[in-house]
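Down below is the structure, laid out as structure tokens.
Proteins come first, then strands; the chains are lettered A, B, ... in the order of their sequence lines, and each starts at number 1.
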Amino acid sequence: MLQLQKIRENKDTYSNALKKRNIDATGVLNSVISLDEKRRAIQTELDATLAELNKRSKEIGMLFKSGQIKEANDLKAKTPSLKEASKKLGDDLDQTSKDLQELLFQIPNVPHESVPPGNSDEDNEEVFREGTIPELTKQALPHWELAKKYDIIDFELGVKIAGAGFPVYKGKGARLQRALIAYFLDKNTAAGYTEIQVPHLVNETSGYGTGQLPDKEGQMYHVQADNLYLIPTAEVPVTNIFRDEIIAKGKFPIKYTGYTPCFRREAGSYGAHVRGLNRLHQFDKVEIIRVEQPETSYQALDEMVEHVKNILRELKLPYRILRLCGGDLGFTAALTYDFEVFSTAQDRWLEISSVSNFETYQANRLKLRFKDENGKSQLAHTLNGSSLALPRVLAGILENYQTDEGIQIPEVLVPYCGFDKIN
RNA sequence: GGAGAAAUGGCAGAGUGGUCGAAUGCGGCAGUCUUGAAAACUGUUGAGGGUCACACCUCCGGGGGUUCGAAUCCCUCUUUCUCCGCCA
């Protein structure tokens, strides 16, 4: 959520920057400002009324104490009008605050200056590419065929148990999944991230805290009996650790990593692009999360990007990095780098990681602050990234490492798997 | 799931209708002393709104109510603890 004071100060800058998302925010920003003015006017009036009421209450108390019962009762008789006024002003204030908040919920984060304008993923800017795309034989198969051939992932079985998009991993497939999770966590902890295990269901407040609610209401699985949401990413529970916290100086940097399954309804997705592991309702992901001071957050973002690069280098997968354009940028992000692995057998790029800086957008909702040098509370910056998401990495490995003799396991994963080939 | 008890500042813990944003202790910060540190002593130390700065307003788990006045009384929800039941 954007900060009111910043909106007041930077209305035109914000409005211009938001154009990169292809939205004209001028009207909303103006409404926000006028609503905020209205809110403050009501607040001032309410404060004055309450001050008067408080003053009289104290006087009445003193009069009773000193035995001046009649005077006290006279004064008492004069309070109902003030009470009425304060009640009405209080209701007005609540309504105005609610309206204001609803409006603020509708405004996405302001894109970073480096974000290119654009409408869709076609306008994303490739900033880096590395790795060799392997030459595959004529018999090369897409991963869903390989999965069947070697009996390592059973999509139909998942349909039987749960539905489409809930695959069952078997034998070496299951072991490879576990190996990847362990490998990713090891890499992350070696880079200074503290491993953490968090709930896979979150409450409504947490959903609002990181911005999934109300924006992505229909995308999360909702357990209505208990009003809990299945997490779409570890970002939600991990970042919410810091909700309502004031971080003491000296506690930075804050770096967490966690493995969780992720649940996404993916309402509206269909077609060839969702085949196999390309798009699932449940998948595994290892996430890295950081809380930073504003001065260091973009350096932290670069570090996270470098970190993910190192992992992909070790896995020897061909990949590229995109700077997302305004039209493709997530609602809460100020800047996002997407990592895509090249899926040779499908001849297309698959998104495997998304590394973002949210600046103060989430922190403002979370009330996540820190004490600056002057001892003043300031909103922190939050960041997160996948390091990494499993299914498409798995798809990339299966497809790029396939040979006529079977699927070679990337060298770094062999110790984790206990085998070097799937055949 | 049933019965009972509880929820107060970073922590511990007092406060059962008025001058309480809240004693006290610990912790934090600043200072005195010291070569330095520790100890001791002195001061300071919650958050948000508002203001140039004050004033002023709000917050004692959340929400609602009673009252001129609520941390304190009532209702409700949530959470924690104890006992019982169930259970990986």
Check: residues 148-156 of chain A side-chain donor-acceptor pairs under 3.5 Å, at least two apart:
unit_1, atom_1, unit_2, atom_2, d
A:D151, OD1, A:K170, NZ, 3.1
A:D154, OD1, A:E156, N, 3.2
A:D154, OD1, A:L157, N, 2.9

Identify, with sequence neighbours excluded, every residue that meets side-chain contact (heavy atoms from CB on, under 4.5 Å) alongside A:A72. A:I60, A:L63, A:F64

Hey, is the side chain of A:S377 poking within less than 4.0 Å of OP1 or OP2 on B:G48, counting only N and O atoms? yes

For A:K371, report the nucleic acid contact type (base, sugar-phosphate, nothing); a contact means any heavy atom under 4.0 Å. sugar-phosphate

Check: A:F370 ring centroid to A:F252 ring centroid under 6.0 Å: yes

Would you kindly give the NZ-to-C1' distance between A:K83 and B:C68, to the nearest whole Å? 7 Å

List the atom pairs, donor and acceptor, that lie under 3.5 Å between side-chain atoms in residues 199-207 of chain A and the rest of the protein, sequence neighbours left out.
unit_1, atom_1, unit_2, atom_2, d
A:N203, OD1, A:T205, N, 3.4
A:N203, OD1, A:S206, N, 2.9
A:N203, OD1, A:S206, OG, 3.0
A:E204, OE1, A:N227, ND2, 2.9
A:S206, OG, A:R243, NH2, 3.0

Going 5' to 3' through nucleotides 57-63 of chain B and flagging B where a protein heavy-atom sits under 4.0 Å of the base, S where only the sugar-phosphate is that close, and - otherwise, we get SS-----

Roughly how many Å apart are B:G9 and B:A71, using the P atom of each and rounding to a whole number? 15 Å

Check: residues 409-423 of chain A side-chain donor-acceptor pairs under 3.5 Å, at least two apart:
unit_1, atom_1, unit_2, atom_2, d
A:Y416, OH, A:D186, OD2, 2.6

Look at the side-chain N and O atoms of A:R369 and state whether any lies under 4.0 Å from the OP1 or OP2 oxygen of B:A47. no

List in chain and number order the residues that pass side-chain contact (heavy atoms from CB on, under 4.5 Å) with A:D47, two or more places apart in sequence or in another chain; answer none if no residue qualifies. A:Q43

